[in-house]
Number of protein chains: 2
Amino acid sequence: MSRPIRKRRTIITAVPNPTLRDVAEAAGVHAATASRALNPETRRLVNAETARRVLKAAESLGYQPNPIARSLKTAKSRTIGLVIPDLTNPLFPPIVRGIEDVLGPAGYSALIVNTDHDPAREEALVASLRSRQVEGLIIATARLDHPLLRELHQQGVPMVLVNRRTENVDVPCVTPDDAAGVAMAVKHLAGLGHTRIAHLAGPTSTSTGVVRANAFRTALHEHGLDDDPSLIVACEYWTEEAGARALRHLLDSGADPSAIVAGNDLIALGCYDVFAERRISCPRDMSVVGFNDMPFLDKLRPPLTTIAVPHHQVGVEAARMLLELFEESARPARSVLLPLSLVVRGSTARPSRR
Amino acid sequence: MSRPIRKRRTIITAVPNPTLRDVAEAAGVHAATASRALNPETRRLVNAETARRVLKAAESLGYQPNPIARSLKTAKSRTIGLVIPDLTNPLFPPIVRGIEDVLGPAGYSALIVNTDHDPAREEALVASLRSRQVEGLIIATARLDHPLLRELHQQGVPMVLVNRRTENVDVPCVTPDDAAGVAMAVKHLAGLGHTRIAHLAGPTSTSTGVVRANAFRTALHEHGLDDDPSLIVACEYWTEEAGARALRHLLDSGADPSAIVAGNDLIALGCYDVFAERRISCPRDMSVVGFNDMPFLDKLRPPLTTIAVPHHQVGVEAARMLLELFEESARPARSVLLPLSLVVRGSTARPSRR
DNA sequence: TTGAAAGCGCTAACAG
DNA sequence: CTGTTAGCGCTTTCAA
């Protein structure tokens with residue numbers, strides 16, 4: 001009989017945090033039915049009229065499902081972990097936003113952790129993410145040799161890599177088309193008439209560092225330019241300071257370039273510091289091209305010519321890929337290369353010397 | 001009798017995801033006892049030797065407590081919501097890191113949402129955070145008139161405001177000492193000999209905009225300078241474009257300043273654009289001071305003199321304050337003003353014209 | 001000091 | 001189509 005239920009329904013008009021049972025009682029049905037009605041996936045299992053009543057009851061009570069209870073039952077947290085080196089690097093915020101723009105509408109949230117490039121910290125943070133039951137990981141800290149990634153992969157943790165890749169682990173990646181980007185930079189400089197072009201490469205422990213350096217060498221060949229090994233110097237980190245050190249080293253070695261392809265924008269900024277130190281005029285004495293097109297580069301002196309990376313799109317693709325992985329986790333790892341574009345500003349010009 | 005338990009213990013050596021019961025069985029105790037032993041808070045309720053056995057069992061099984069189950073039981077999610085306008089604004093990443101540096105060690109995680117300055121979006125995002133059972137909110141999007149904040153406060157949602165304040169709601173805030181910062185900027189310019197100093201204020205809908213503008217007027221008085229109302233123009237947004245528009249307006253109005261105190265660094269960058277447009281040489285013809293000291297300002301042409309805000313510290317204080325609020329939610333709202341410092345670079349100099 | 005029992009809010013068989 | 005039942009993994013009375 002439904003009398004007692006009815007009675008309760010009228011008494012409980014405004015519960016502080018209405019539960020599914022409150023809704024069910026208000027609608028005069030069982031909690032299970034209310035659950036079915038409320039979930040779009042299972043709504044068709046219930047009489048349309050009943051469903052309507054449940055929806056209305058939920059609405060009027062201001063019912064909000066408790067995702068924690070749902071998670072406990074379904075063993076799905078609707079949460080993913082995002083592992084980045086450092087959020088204050090302007091590279092990452094647009095990627096994060098791209099990820100969240102896809103995840104949010106799909107009902108997922110991201111937990112962000114910063115590793116500060118410390119493998120031990122990374123391991124601890126990943127462990128904490130996993131203990132929080134994240135369903136998958138998006139990782140922006142990949143090194144070529146990265147035991148943690150191999151281990152996670154073996155344990156079947158769904159993940160996708162962004163920006164950088166790793167070796168020996170078959171994991172889907174979303175990266176900029178680094179080789180094409182470097183080729184554009186070299187073509188631009190060669191077109192201006194530069195013949196001694198140097199490369200301040202990123203760290204050789206990262207795929208981005210290695211891929212860009214290799215692409216640089218290939219591009220030189222294609223343009224029939226000097227492939228002097230002394231024109232390539234690897235930076236220890238992706239930072240201004242490391243870029244400055246590398247350029248000083250390059251200049252002191254007497255390699256004498258007229259143009260530089262920097263591994264990324266920060267390394268290019270390090271070049272600016274050295275230009276100031278040594279009274280080198282850019283672009284008159286030396287041209288430089290960055291990589292990434294981080295914000296405010298147009299405000300520099302001179303404005304930096306660079307390769308624009310669609311960071312937001314990188315995030316979007318990565319998040320989509322992870323969601324797809326959840327759908328059919330057996331799918332083979334597929335990777336995506338995103339197209340880049342050259343942004344010509346004031347840091348590149350024809351060489352003034354011979 | 002413990003025989004069956006023992007037996008099971010030896011059989012189950014490596015459960016994939018060991019649960020509390022697995023640990024309990026392995027240690028030959030009840031799940032409740034294992035729970036008490038594992039939780040430092042309740043460990044003293046259990047025999048030291050038993051506790052040791054439980055800890056060892058947990059260790060050897062690689063037990064990780066399931067925070068979702070715990071949350072369901074305790075109605076605490078160990079999660080907080082962080083509401084910011086836009087993560088790609090370089091102001092916010094250091095604040096986020098400060099927050100996470102405090103939250104992480106305390107066992108909390110942050111869910112970040114970006115409102116893009118859209119009140120409707122903000123409302124929806126806050127609702128989604130609340131449905132995810134966040135225990136509290138850190139809000140960086142406060143406007144002076146902000147009905148949502150008043151409503152949340154009435155509902156007793158623990159929250160703290162960062163960067164900006166709101167009116168008529170008694171909520172704890174962590175903000176830079178805007179008035180002191182503006183006073184430093186004006187003092188610096190006055191000391192250089194400027195007498196016609198303009199202010200490109202932030203939006204009047206935000207406390208930061210209003211407080212800085214008022215402080216500007218006060219500082220002018222203190223230095224006995226022109227308080228010409230036409231020297232103060234409010235920008236519509238905290239952006240380069242709005243800053244540029246405001247400066248054009250100021251210049252066109254004939255106010256004729258020799259120096260500008262910009263509401264923030266982005267507004268100052270907008271000034272740089274106008275300087276280029278109108279062939280105004282900075283700092284020869286016009287000095288400008290920014291506010292915030294966002295990254296890479298030293299690389300601009302000229303390097304921007306600005307007021308440095310300890311953003312990381314802002315995040316740290318805000319997170320601490322929220323955690324304190326959880327401890328004793330009846331405590332009266334307390335607010336913190338963080339000290340700033342002037343960073344003199346190349347965008348300020350003595351006035352060249354008389 | 002420990003165990004038994006209950007239940008957080010929800011979903012998923014299963015039965016009717 | 002709907003109700004019953006059980007249980008996700010944990011904490012917390014209450015008894016013993």
Side-chain angles (χ1 to χ4, degrees), chain A residues 1-2 4-5 15-54 57-58 61-78 107 130-133 135, chain B residues 1-2 4-5 15-54 57-58 61-78 107 130-133 135:
Chain A
M1 294 300 96
S2 61
I5 291 173
V15 192
N17 283 310
T19 125
L20 186 59
R21 283 167 80 131
D22 296 323
V23 174
E25 293 189 1
V29 298
H30 188 97
T33 306
S35 170
R36 288 186 278 249
L38 258 8
N39 188 322
E41 308 281 294
T42 48
R43 187 165 304 151
R44 46 181 191 71
L45 297 177
V46 56
N47 180 299
E49 162 57 18
T50 313
R52 212 190 45 70
R53 234 172 47 242
V54 172
L61 289 182
Y63 171 72
Q64 293 283 66
N66 182 330
I68 296 180
R70 170 184 289 154
S71 289
L72 182 58
K73 179 67 189 179
T74 61
K76 304 235 148 296
S77 64
R78 295 266 154 178
R130 298 190 65 193
S131 83
R132 284 205 168 240
Q133 319 290 118
E135 291 180 41
Chain B
M1 292 301 93
S2 62
I5 291 172
V15 192
N17 282 312
T19 127
L20 185 59
R21 283 168 82 128
D22 296 322
V23 174
E25 292 189 3
V29 298
H30 188 96
T33 305
S35 169
R36 287 186 276 251
L38 258 8
N39 188 322
E41 308 279 296
T42 49
R43 187 166 305 149
R44 48 182 190 71
L45 296 177
V46 59
N47 181 301
E49 162 57 19
T50 314
R52 214 190 43 71
R53 238 174 41 244
V54 173
L61 289 182
Y63 171 71
Q64 293 282 66
N66 182 329
I68 295 180
R70 171 182 289 156
S71 288
L72 183 57
K73 181 65 190 177
T74 61
K76 305 235 147 294
S77 64
R78 296 264 152 182
R130 297 190 67 192
S131 83
R132 285 205 167 238
Q133 318 289 118
E135 292 180 39

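As the structure is a prediction and not an experimental result, all values here were calculated from the model. In what follows, chains carry the letters A, B, and so on, assigned in the order in which the sequence lines appear, proteins first and then strands, with residues in each chain numbered from 1.
A donor-acceptor contact shorter than 3.5 Å is absent between the side chain of A/Arg70 and the backbone of A/Pro65. Of the possible polar contacts, one joining the B/Glu135 side chain to the B/Ser77 backbone as a donor-acceptor pair under 3.5 Å is found. Under the 3.5 Å distance criterion, the side-chain polar atoms of A/Ser35 are left unmatched by any main-chain donor or acceptor of A/Ala31. A donor-acceptor pair under 3.5 Å links the side-chain atoms of A/Arg43 to the main chain of A/Leu38, judged by distance alone. A donor-acceptor distance shorter than 3.5 angstrom exists from the side chain of B/Arg53 to the backbone of B/Ala27, with no hydrogens or angles considered.
Both B/Ala34 and A/Ser35 sit near DNA chain C, but only B/Ala34 has its closest nucleotide nearer the 5' end. Nearer to the 5' terminus of DNA chain C, by closest-nucleotide assignment, is the contact made by A/Leu72 (compared with the other of A/Leu72 and A/His30).
Between B/Thr50 and C/dT2 there is a side-chain N or O to OP1 or OP2 distance below 4.0 Å. Regarding contacts with the backbone of D/dC10, a side-chain N or O of B/Thr19 is found under 4.0 angstrom from either OP1 or OP2.
Within residues 39-46 of chain B, the residues approached by DNA chain C to less than 4.0 Å at the level of any non-hydrogen atom are B/Leu45, B/Val46, in residue-number order.
Here the CZ atom belonging to B/Arg78 is positioned 15.0 Å from the CD atom belonging to B/Gln133, to the nearest 0.5 angstrom.
Atom pair A/Arg36:CZ and C/dC10:C1' shows a separation of 13 Å (rounding to whole Å applied). Following rounding to the nearest Å, B/Leu20 (CG) and D/dG7 (C1') show an atom-to-atom distance of 16 Å. In this structure, A/Lys73 atom NZ and D/dG9 atom C1' are separated by 12 Å, rounded to whole Å.
Set against C/dA5, D/dG3, D/dC10, the side chain of B/Asn66 has D/dC10 as its closest nucleotide.
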